[in-house]
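Have a look at the structure below, then the notes.
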Amino acid sequence: MREIDPNKCIDFILENAGKYAKAKGELAQLEAFKSSLKAIMMQKANEQTIGAQEREAYSSPQYKDHCKAIGIATHEVEVLRLQIKCAELRWETWRTQQANERQFDKMIRNQ
């Protein structure tokens, strides 16, 4: 089994926490602006009914681009979240191994 350095795990989490927070904030901004963009595009539509305006808004290049940006931001957030989760799991694995080794040493001493 590969040796785990708990300090590297913690360092990784600390180094990427800011990136994760920034990516999460950008995703939140994109999600929040989605409704505003729809309203703006509906307002620009030359249609009278709400349904027709909505159809035009959803089919606009700006709205499609915005949805792609949400997809990219979601991907970035998830990659960072999973990398941080893996570092946490590695640390927990190390911690468990250390506890098991202490227990094993204690058993050997008591024999």
Side-chain angles (χ1 to χ4, degrees):
M1 180 178 269
R2 184 170 64 128
E3 190 65 31
I4 297 170
D5 182 350
N7 293 315
K8 284 185 181 180
C9 296
I10 293 166
D11 289 344
F12 178 84
I13 293 168
L14 288 171
E15 289 167 9
N16 288 285
K19 291 177 195 173
Y20 176 76
K22 182 179 181 207
K24 190 83 171 175
E26 288 173 359
L27 177 58
Q29 273 185 306
L30 288 168
E31 288 288 354
F33 183 67
K34 188 176 178 181
S35 296
S36 296
L37 179 60
K38 177 184 168 190
I40 291 166
M41 300 315 297
M42 285 176 72
Q43 203 172 32
K44 288 183 178 181
N46 293 327
E47 302 290 338
Q48 295 299 313
T49 66
I50 299 289
Q53 289 175 0
E54 193 171 44
R55 181 192 67 230
E56 292 298 313
Y58 284 141
S59 66
S60 72
Q62 295 92 336
Y63 194 83
K64 289 178 186 177
D65 289 344
H66 190 77
C67 289
K68 285 180 190 174
I70 289 173
I72 292 166
T74 300
H75 176 265
E76 186 176 340
V77 165
E78 286 301 303
V79 166
L80 287 166
R81 184 183 69 79
L82 291 172
Q83 287 174 337
I84 289 170
K85 182 69 177 169
C86 286
E88 290 170 348
L89 289 171
R90 284 186 183 124
W91 185 81
E92 286 295 330
T93 299
W94 173 83
R95 203 171 128 192
T96 300
Q97 287 172 342
Q98 296 301 306
N100 289 343
E101 286 176 19
R102 284 190 302 273
Q103 187 66 25
F104 182 74
D105 290 344
K106 190 176 181 180
M107 287 173 40
I108 296 293
R109 282 192 308 262
N110 291 333
Q111 282 186 351

Please enumerate all residues that pass side-chain contact (heavy atoms from CB on, under 4.5 Å) together with Gln98, with sequence neighbours excluded. Trp94, Glu101, Arg102
Residue set satisfying side-chain hydrogen bond (donor to acceptor under 3.5 Å, both in side chains) with Gln62, at least two apart, ordered chain then number -> none
When the side chains of residues 7-18 are checked against the rest of the protein, which donor-acceptor pairs come out under 3.5 Å, sequence neighbours left out?
unit_1, atom_1, unit_2, atom_2, d
Asn16, ND2, Phe12, O, 2.9

Thr74 and side-chain contact (heavy atoms from CB on, under 4.5 Å): which partner among Val77, Ile70, Ile72? Ile70
Expected list for residues 78-89: side-chain donor-acceptor pairs under 3.5 angstrom, two or more places apart:
unit_1, atom_1, unit_2, atom_2, d
Glu78, OE1, Arg81, NE, 3.1
Glu78, OE1, Arg81, NH2, 2.8
Glu78, OE2, Arg81, NE, 3.4

Compare every heavy atom of Ala57 with every heavy atom of Ser60, then report the nearest pair and how far apart it is. OG-O, 2.9 Å
Please find the pair of heavy atoms, one from Ala73 and one from Leu27, that lie closest to each other, and give the distance. CB-CD1, 4.0 Å
Name all pairs fulfilling the salt bridge (Lys or Arg N to Asp or Glu O under 4.0 Å) condition that reach into residues 68-77, sequence neighbours left out, sorted by first residue then second. none
Side-chain donor-acceptor pairs under 3.5 Å in residues 41-53, sequence neighbours left out?
unit_1, atom_1, unit_2, atom_2, d
Thr49, OG1, Ala52, N, 3.2
Gln53, NE2, Glu47, O, 3.1

Could you pull out all residues at least two apart from Glu26 that satisfy salt bridge (Lys or Arg N to Asp or Glu O under 4.0 Å)? Lys22
Sequence neighbours excluded, which residues qualify as salt bridge (Lys or Arg N to Asp or Glu O under 4.0 Å) partners of Glu31? none
Does anything in residues 22-45 form a ring-ring contact (aromatic ring centres under 6.0 Å, His included)? List the pairs, not counting sequence neighbours. Phe33-His66
When rounded to the nearest 0.5 angstrom, what is the spacing between CD in Glu56 and OH in Tyr63? 14.0 Å
More than 12 heavy atoms of other residues, nucleotides or ligands under 6.0 Å from CZ of Arg95: is that the case? no
Rounded to the nearest 0.5 Å, what separates atom OH in Tyr58 from atom CG in Leu37? 10.5 Å
